Undergrad: 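Dumping the structure here so I can ask a few things about it.
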Amino acid sequence: MNNLISIKSATLSEDIAQQLTNAIVQGNIPQGSKISEPELAKQYGVSRGPLREAIVKLEGLGLVTRTANVGARVIQLNTQDMLDTFTMREALEGMAARLAATAMPSDEINSLYALLDKHQAHLDANQDEHYVQQGGNDDFHLRIIHASGNAKLIRLLTEELYAVIRMYRHHTADQRRDPRQALREHRAILDAIANHEGDLAELLMRRHISRASQLLKQAMEHSSVASRT
């Protein structure tokens, strides 16, 4: 952490929180590492006040834990937490897909088809390399969550689960096989939404996330075994 990062935002602490979130999700700040406020304040060129606000936000996102007399640390991913998180995700995103089948406007559906074409082109051009950096407007799941139109559901998924889910996805992406299967499942879910088949959209989304959790479980177990050999 030697380079000074320029922060330009009306809400400084939110900008810092976003920068730190991306760094944690992508592994630039390692799992289990201690959060050094002086070091980060120097890196970002900010005072400790907005930095502490940002760290509190990261705690709310589940990326950081704070222990008395120890301070804040980045979470350590583990299989049981992943399974618990994805069990919740399966139920909530299944509901989001069902609601999106009623609420999503046609222009957003067409935009999502274009997004999947973009993902297809990425796989074709990069020898089936995972598009792990996707986020925001390029995240298929996030777009469906917002299209549900349910504010409480959106808050639960985007504020309380989304960052940790991204972290799990990024952490094991290189060990998961066949990204084209995930893309095929995305198209099937979108087809159900486009046809206003809410029950089918929910079923397909739940199956998709259940499959993802099992693949993640295998990848995490493989990674754990490899690290011990």
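Just so it is clear, the model here is predicted, and its values are computed rather than measured.
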Undergrad: In chain order, what residues pass the side chain to side chain contact (heavy atoms under 4.5 Å, CB included) check against T158, with sequence neighbours excluded?
TA: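 For T158, the residues satisfying side chain to side chain contact (heavy atoms under 4.5 Å, CB included) (neighbours in sequence not counted) are L142, I145, H146, I154.
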Undergrad: Would you give the length of the straight line joining atom CG of L190 to atom CG of L204, rounded to the nearest 0.5 angstrom?
TA: 11.0 Å
Undergrad: Could you pull out all residues at least two apart from N110 that satisfy side-chain hydrogen bond (donor to acceptor under 3.5 Å, both in side chains)?
TA: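 Expected list: none.
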Undergrad: Are L156 and L83 co-members of a hydrophobic cluster defined by side-chain heavy atoms under 4.5 Å apart?
TA: yes
Undergrad: Any chance you could lay out the side chain to side chain contact (heavy atoms under 4.5 Å, CB included) test for M167 and T85, step after step, and finish with the verdict?
TA: CA-CA 12 Å; M167 193 174 176; T85 299; over 6 Å; no
Undergrad: Within the 4.5 Å heavy-atom criterion, are L12 and Y44 side-chain neighbours or not?
TA: no
Undergrad: Show the nearest heavy-atom pair for residues I193 and A97, with the distance to one decimal.
TA: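 Looking at all heavy atoms of both residues, the shortest contact is CG1-O, 3.9 Å.
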Undergrad: Which residue pairs satisfy the side chain to side chain donor-acceptor pair (under 3.5 Å) criterion with at least one member in residues 48-58, sequence neighbours excluded?
TA: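 Every side chain to side chain donor-acceptor pair (under 3.5 Å) pair that includes a residue of residues 48-58, provided the two are not neighbours, is S13-E53, E37-R48, E37-R52.
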Undergrad: Less than 3.5 Å apart, any donor N or O on the side chain of Y168 or D81 sitting next to an acceptor on the other?
TA: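 Result is yes, a qualifying pair exists.
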Undergrad: A163 and L61: which non-hydrogen atoms are nearest, and at how many Å?
TA: CB-CB, 4.3 Å
Undergrad: Do other residues, nucleotides or ligands put more than 12 heavy atoms under 6.0 Å from the CZ atom of R207?
TA: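 Counting other residues, nucleotides and ligands, CZ of R207 stays at 12 neighbours or fewer.
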Undergrad: In Å, rounded to the nearest 0.5 Å, how long is the span from CE of M88 to CG of L161?
TA: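 Answer for the CE-CG pair, M88 versus L161, is 5.0 Å.
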Undergrad: At what distance, to the nearest 0.5 angstrom, does OG1 of T65 lie from CD1 of I75?
TA: 8.0 Å
Undergrad: Suppose we screen for side-chain hydrogen bond (donor to acceptor under 3.5 Å, both in side chains). Which residues come up paired with N78, at least two apart in sequence or across chains?
TA: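 So N78 forms no side-chain hydrogen bond (donor to acceptor under 3.5 Å, both in side chains) with any residue.
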Undergrad: Among residues at least two apart in sequence or on other chains, which ones pass salt bridge (Lys or Arg N to Asp or Glu O under 4.0 Å) with R66?
TA: E59
Undergrad: Can you name the closest pair of heavy atoms from A101 and G198 and give their distance?
TA: CB-CA, 3.6 Å
Undergrad: Any chance you could measure K118, atom NZ, to L115, atom CG, to the nearest 0.5 Å?
TA: 6.5 Å
Undergrad: Specify the closest pair of heavy atoms between S210 and E90, including all atoms of both residues, with the distance to one decimal.
TA: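 Here S210 and E90 meet closest at CB-OE1, 3.7 Å.
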Undergrad: Do Q218 and L215 come within less than 4.5 Å of each other through their side chains, counting heavy atoms only?
TA: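 Sidechains of L215 and Q218: in contact.
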Undergrad: Which residues pass the side chain to side chain contact (heavy atoms under 4.5 Å, CB included) test with S36, not counting sequence neighbours?
TA: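 Applying side chain to side chain contact (heavy atoms under 4.5 Å, CB included) to S36 gives P38, E39.
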Undergrad: Assigning hydrophobic clusters by single linkage (Ile, Leu, Val, Met, Phe, Trp, Tyr; side-chain heavy-atom cutoff under 4.5 Å), is M104 placed with Y113?
TA: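 They do share one cluster, since a chain of ILVMFWY contacts under 4.5 Å joins M104 to Y113.
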Undergrad: I need the full list of salt bridge (charged side-chain N to carboxylate O under 4.0 Å, His left out) pairs touching residues 93-106, with sequence neighbours left out, sorted by first then second residue.
TA: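 Listed once each, the pairs are R89-E93, R98-E202.
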Undergrad: Which heavy-atom pair separates A96 from S148 by the least distance, and what is that distance?
TA: O-CB, 3.7 Å
Undergrad: Indicate whether the side chain of E14 and that of Q18 have a donor and an acceptor atom separated by less than 3.5 Å.
TA: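 Note: E14 and Q18 side chains miss the donor-acceptor criterion.
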Undergrad: Mind checking side-chain hydrogen bond (donor to acceptor under 3.5 Å, both in side chains) for Q214 and listing every partner two or more places apart, or none if nothing turns up?
TA: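 Listed in chain order: nothing, the list is empty.
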Undergrad: With side chains defined as the heavy atoms from C-beta onward, is the minimum distance between L51 and L20 less than 4.5 Å?
TA: yes
Undergrad: K34: what forms a salt bridge (Lys or Arg N to Asp or Glu O under 4.0 Å) with it, not counting sequence neighbours?
TA: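 Per chain and number, K34 pairs via salt bridge (Lys or Arg N to Asp or Glu O under 4.0 Å) with no residue.
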Undergrad: Is any side-chain heavy atom of L63 closer than 4.5 Å to a side-chain heavy atom of V164?
TA: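 SC-SC contact between L63 and V164 confirmed.
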Undergrad: To the nearest 0.5 Å, how far apart are NZ in K42 and CG in L40?
TA: 12.0 Å
Undergrad: Are R143 and S111 close enough that a side-chain donor and a side-chain acceptor fall under 3.5 Å?
TA: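 S111 and R143 do have a side-chain donor-acceptor pair below 3.5 Å.
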Undergrad: Considering residues at least two apart in sequence or located in another chain, which fulfil the salt bridge (Lys or Arg N to Asp or Glu O under 4.0 Å) criterion with E160?
TA: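 Partners of E160 by the salt bridge (Lys or Arg N to Asp or Glu O under 4.0 Å) criterion, ordered by chain and then number, come out as R155.
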Undergrad: Please report the shortest heavy-atom distance between A17 and L58, naming the atom on each side.
TA: O-CD2, 3.7 Å
Undergrad: Kindly state each residue pair satisfying ring-ring contact (aromatic ring centres under 6.0 Å, His included) with at least one member in residues 188-214, sequence neighbours excluded.
TA: H141-H208, H186-H208
Undergrad: Within the structure provided, determine whether T67 and R73 are in side-chain contact (heavy-atom separation under 4.5 Å).
TA: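 A side-chain contact is absent here, since even the closest heavy-atom pair is not under 4.5 Å.
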Undergrad: What's the separation between atom CD1 in I144 and atom CG in L157, rounded to the nearest 0.5 Å?
TA: 11.5 Å
Undergrad: Going by salt bridge (charged side-chain N to carboxylate O under 4.0 Å, His left out), name the pairs with one or both residues in residues 186-200, residues two or more places apart or in two chains.
TA: D117-R187
